[in-house]
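Everything on this sheet refers to the single structure shown next.
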2 protein chains.
Amino acid sequence: MGRGKIVIKKIDNMTSRQVTFSKRRTGLFKKAKELAILCDAEIGLIIFSDTGRLYEFSSSNMKSLIEKYSKAKEENHLIVFAASDVKKEAASLRQQFHNLQQNHRKMMGEELSGLSVADLQNLQNQLESSLRGVIMRKTSAALKDGSKLCL
Amino acid sequence: MGRGKIVIKKIDNMTSRQVTFSKRRTGLFKKAKELAILCDAEIGLIIFSDTGRLYEFSSSNMKSLIEKYSKAKEENHLIVFAASDVKKEAASLRQQFHNLQQNHRKMMGEELSGLSVADLQNLQNQLESSLRGVIMRKTSAALKDGSKLCL
DNA sequence: CCGACTATCTATAAGGG
DNA sequence: TCCCTTATAGATAGTCG
């Protein structure tokens, strides 16, 4: 479609390549839109130029279209998803981990500044209770070992 | 381009809509391929027909293209990613959290079964050390409070 | 580098088997 | 329903300003 026929191979001349890119890209987008309207299709079109610039068209919403695509391809092992869910989970895990770590540090006797006397008393009680449990356990375990060893 | 001009609106007749869909889809894919080759562009095209069937074309690899697209759109608040990375992070966090939780439980005097006498002794030492720290801290804090209250 | 022009090529609407 | 044909609308390569 033009003054002369062309063969489909990469256009060497950069200037005319860019001109052609601009013209044909416009045409492609137009055709995509027409097809979407005429045939009630859902279409997503993503183009990166050779210079890395992004052009896109979506008859609806690119994000939801990509999600739909991912789901449709799931059985074909495509591992693309809306990260929002996983990201939320990761953020929540990070938070939980942080909280537990803070707590754990206190039980290790670290970072006690900022605790009230009441907090410290609670912590002491907990540690004493744990200690009692551990000593009891140790004693019974040692007895068992001892009985084995002494027989 | 055909025997008659058409207006761009949804084709009512289902049969001719499907015929047009088939023809124009083929044409669109052809144009997309040509553009990719002629201008060295990276192109991804996703089409869902009105019946929900998926058609796709990618000049390279759809997955990597979608990832690239996601990254390019990051600043524009698009929340689509290859989940693999985030998933890995989440899995790692889950593991770390689990380990810390186990450790923490032992310091709470829970789930002590399975620990050797030596393990229990170490735990006891740690708890005693923590306890000393906490008591020391509590005493000095109580003194400070006390001095405030008693003045 | 961009837009306009237009001759020419391509896609396709309508029709037929 | 699908494939083929063909007249015609539409896209665009080369050119000019």
Side-chain angles (χ1 to χ4, degrees), chain A residues 1-62 65-66 68-69 72-73 75-76, chain B residues 1-62 65-66 68-69 72-73 75-76:
Chain A
M1 3 177 188
R3 294 296 182 92
K5 190 167 179 167
I6 57 161
V7 289
I8 303 302
K9 67 177 282 287
K10 178 174 171 182
I11 298 168
D12 290 324
N13 183 297
M14 195 169 93
T15 306
S16 64
R17 187 167 69 237
Q18 286 187 343
V19 171
T20 295
F21 178 69
S22 171
K23 286 181 178 180
R24 279 181 173 255
R25 174 169 43 79
T26 306
L28 192 62
F29 279 132
K30 187 182 172 194
K31 291 265 181 203
K33 278 173 207 163
E34 289 183 355
L35 180 55
I37 295 170
L38 285 169
C39 304
D40 199 27
E42 201 174 349
I43 300 185
L45 177 54
I46 296 172
I47 303 180
F48 283 100
S49 73
D50 58 353
T51 60
R53 190 193 293 272
L54 170 65
Y55 303 86
E56 63 175 305
F57 162 74
S58 170
S59 62
S60 54
N61 171 279
M62 189 62 88
L65 184 68
I66 290 176
K68 188 170 170 182
Y69 173 80
K73 298 287 285 185
E75 65 230 35
N76 291 336
Chain B
M1 2 175 190
R3 294 294 183 92
K5 189 168 180 166
I6 59 162
V7 289
I8 303 301
K9 67 177 280 289
K10 179 175 169 181
I11 298 168
D12 290 323
N13 183 297
M14 195 171 93
T15 307
S16 64
R17 186 166 69 239
Q18 287 186 342
V19 171
T20 296
F21 178 68
S22 171
K23 286 182 179 179
R24 282 183 172 254
R25 175 169 42 79
T26 306
L28 192 62
F29 279 132
K30 187 181 172 191
K31 291 261 182 205
K33 280 173 205 164
E34 289 184 356
L35 180 56
I37 295 170
L38 284 169
C39 303
D40 199 26
E42 202 174 350
I43 300 184
L45 176 55
I46 296 172
I47 303 180
F48 283 99
S49 73
D50 57 353
T51 59
R53 190 195 292 271
L54 169 64
Y55 303 86
E56 62 175 304
F57 162 73
S58 171
S59 62
S60 53
N61 171 280
M62 190 63 87
L65 184 67
I66 289 176
K68 189 170 170 182
Y69 173 80
K73 297 286 286 182
E75 64 231 33
N76 290 337

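In what follows, chains carry the letters A, B, and so on, assigned in the order in which the sequence lines appear, proteins first and then strands, with residues in each chain numbered from 1.
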Quiz item: So, does A/Thr26 use its side chain to make a donor-acceptor pair with the main chain of A/Ser22 at under 3.5 Å?
Solution: yes
Quiz item: Does the B/Thr20 side chain pair with the main chain of B/Ser16, one donor and one acceptor, at a distance under 3.5 Å?
Solution: yes
Practice problem: Given side-chain contact (heavy atoms from CB on, under 4.5 Å), test A/Leu45 with B/Leu28 step by step and report yes or no. | Solution: CA-CA 11 Å; A/Leu45 177 54; B/Leu28 192 62; 5.7 Å; no
Exercise. Could you please spell out the steps behind the side-chain contact (heavy atoms from CB on, under 4.5 Å) verdict for B/Asp50 and B/Lys10?
Key: CA-CA 11 Å; B/Asp50 57 353; B/Lys10 179 175 169 181; 5.7 Å; no
Quiz item: Across the strands shown, which category fits A/Lys5 at heavy-atom distances under 4.0 angstrom: base, sugar-phosphate, nothing?
Solution: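 Sugar-phosphate contact only.
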Quiz item: Does any residue of residues 27-35 of chain B have a heavy atom under 4.0 Å from DNA chain C, and if so, which ones, in number order?
Solution: B/Gly27, B/Lys30, B/Lys31
Practice problem: Specify the residues of residues 8-22 of chain B, ordered by number, for which at least one heavy atom lies under 4.0 angstrom from an atom of DNA chain C. | Solution: B/Thr20
Quiz item: Taking atom P of D/dA13 as reference, at what distance in whole Å does atom NZ of A/Lys23 sit?
Solution: 6 Å
Exercise. Indicate the atoms forming the closest heavy-atom contact of B/Tyr55 with B/Ser49, along with that distance.
Key: CE1-CB, 4.1 Å
Quiz item: If every non-hydrogen atom of B/Phe57 is compared with every non-hydrogen atom of B/Met62, which pair is closest and at what distance?
Solution: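 Minimum heavy-atom contact is O-CE, 3.4 Å.
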Quiz prompt | Pairwise distance CZ(A/Arg17) to CG(A/Asp12) - rounded to 0.5 angstrom | solution =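 Answer rounded to 0.5 Å: 7.5 Å.
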Quiz item: Considering only D/dT12, D/dA7, C/dT6, which nucleotide approaches the side chain of B/Arg3 most closely?
Solution: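 The answer is D/dA7, which lies nearest to the side chain.
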Practice problem: Would you please test B/Leu54 and A/Lys73 for side-chain contact (heavy atoms from CB on, under 4.5 Å) and show each step? | Solution: CA-CA 9 Å; B/Leu54 169 64; A/Lys73 298 287 285 185; 3.8 Å; yes
